[in-house]
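Side chains are part of it too, since the values below use all heavy atoms of this structure and drop only hydrogens, waters and symmetry mates. Just so we're on the same page: letters track the sequence lines, and every chain starts at 1.
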Amino acid sequence: MELEVSSHVQDGRTVVSAAGEIDVFTAPQLDAELARATSAGASRIVVDLSQVDFLDSTGLSVLVKTLKRVREVEGGSLAVVVTADRVAKVFRLTGLDTLIPLHPTVDSAVAG
Amino acid sequence: MDDRHAATLSLPPAAENVRTARLVAVAAARRAGLDEEVVDDVRLAVGELVARAVLRHERAGVDDDVELRLVDAGDCFEIVVTDRAGDDGHLDQDGSGEDEVALALVRALAPEAGLTPATAVLRWPIP
């Protein structure tokens, strides 16, 4: 299956949205989109996973990589939108929810 | 009564096949009667282990299939993931810690886990 990935800018944040499942096969697509955004200078990033119903450790690795990149820039930030319980659980089990703020909507992530 | 049902899925070691393993494991877990929240745990744990096996095969340059065995043993649901990568399949030579995260996740998801380099066995009690 393919993952759908897109980006837009909202209130000074680059919102990278994904829809589908993020695993070892599809995570590179999310990685590529985030790399494109950060290479273009984006440093305040929201990753919208509200349409994602599965995420594994390869997906987490992509987010950790992005977190490291945005931290290199003053004022850089990363927030993630999660709606599926099973996706939130992966962040909780690994403790990544303490490093990356999770939000229920894009609006709250952008405002945060 | 012997209520043992077992199935084996043999998959070419490609990333796109990991989803197939997840789907089959979910179907087997539901059929065994696991609660839906536990089925989610099975989905993730099997996904992590099969992805890991695929990556190990890629690292070792091994084209053989990876194997997923699903067993309904009546009182417990067991999954076994086997790879043929051997010592050449050693991951995390870049020190990224990603393999450790995958294994830590698996241990958090399954009440019983026996993890060796080439074989991983996980068990969940059937209510």
Side-chain angles (χ1 to χ4, degrees), chain A residues 1-5 18-35 47 49-72 78 80 82-100 102, chain B residues 11-26 29-30 34-59 66 81 83 91-92 94-111 113 115 120:
Chain A
M1 67 160 312
E2 295 302 315
L3 181 72
E4 290 176 28
V5 184
E21 297 184 0
I22 300 175
D23 72 355
V24 59
F25 181 55
T26 62
Q29 294 166 60
L30 177 63
D31 191 34
E33 188 69 18
L34 286 164
V47 181
L49 303 181
S50 61
Q51 303 301 309
V52 168
D53 55 10
F54 179 82
L55 176 87
D56 70 359
S57 62
T58 53
L60 291 182
S61 294
V62 170
L63 296 173
V64 168
K65 197 161 120 183
T66 305
L67 180 66
K68 287 178 183 167
R69 279 204 208 104
V70 303
R71 278 182 172 175
E72 285 166 5
L78 176 67
V80 174
V82 172
T83 53
D85 284 345
R86 76 167 80 114
V87 174
K89 187 168 184 175
V90 187
F91 285 86
R92 273 199 322 271
L93 285 179
T94 55
L96 202 57
D97 60 334
T98 63
L99 294 180
I100 300 177
L102 302 185
Chain B
L11 288 167
E16 65 194 304
N17 291 333
V18 178
R19 184 165 186 266
T20 304
R22 295 198 303 268
L23 291 172
V24 172
V26 161
R30 283 189 181 133
L34 296 181
D35 292 341
E36 208 47 35
E37 195 181 320
V38 179
V39 170
D40 278 349
D41 292 349
V42 171
R43 178 193 284 105
L44 182 58
V46 167
E48 292 292 339
L49 288 176
V50 173
R52 183 171 188 271
V54 166
L55 291 172
R56 280 173 49 82
H57 275 222
E58 283 173 0
R59 174 63 53 86
V66 305
V81 175
D83 74 58
L91 298 175
D92 254 356
D94 60 355
S96 65
E98 287 173 4
D99 195 41
E100 287 310 311
V101 172
L103 293 177
L105 256 181
V106 169
R107 287 192 187 95
L109 292 163
L115 305 174

One option among B/Leu55, B/Leu109, B/Val54, B/Leu105 has the most heavy-atom pairs under 4.5 Å with chain A, and it is B/Leu105
If you apply the rule side chain to side chain contact (heavy atoms under 4.5 Å, CB included), what do you find for A/Val90 with B/Leu44, and how did you get there?
CA-CA 9 Å; A/Val90 187; B/Leu44 182 58; 3.6 Å; yes
Pair count under 4.5 Å, heavy atoms only, with chain B: among A/Asp23, A/Leu93, A/Leu60, A/Leu55, highest is A/Asp23
Exercise for the section: For the pair A/Phe54 and B/Arg22, evaluate side chain to side chain contact (heavy atoms under 4.5 Å, CB included) and give the outcome as yes or no after the intermediate values. Expected result: CA-CA 11 Å; A/Phe54 179 82; B/Arg22 295 198 303 268; 3.5 Å; yes
The interface call for B/Asn17 against chain A, heavy-atom contacts under 4.5 Å, is neither
Turns out that what part of B/Ala102 lies under 4.5 Å from chain A's heavy atoms comes down to both
Verdict with reasoning, B/Glu98 to A/Val64, per side chain to side chain contact (heavy atoms under 4.5 Å, CB included): CA-CA 10 Å; B/Glu98 287 173 4; A/Val64 168; over 6 Å; no
Interatomic distance, CG@B/Asp99 vs OG@A/Ser57, rounded to 0.5 Å, equals 8.5 Å
> Do A/Asp85 and B/Glu37 come close enough that some side-chain heavy atom pair is under 4.5 Å?
Replying inline: no
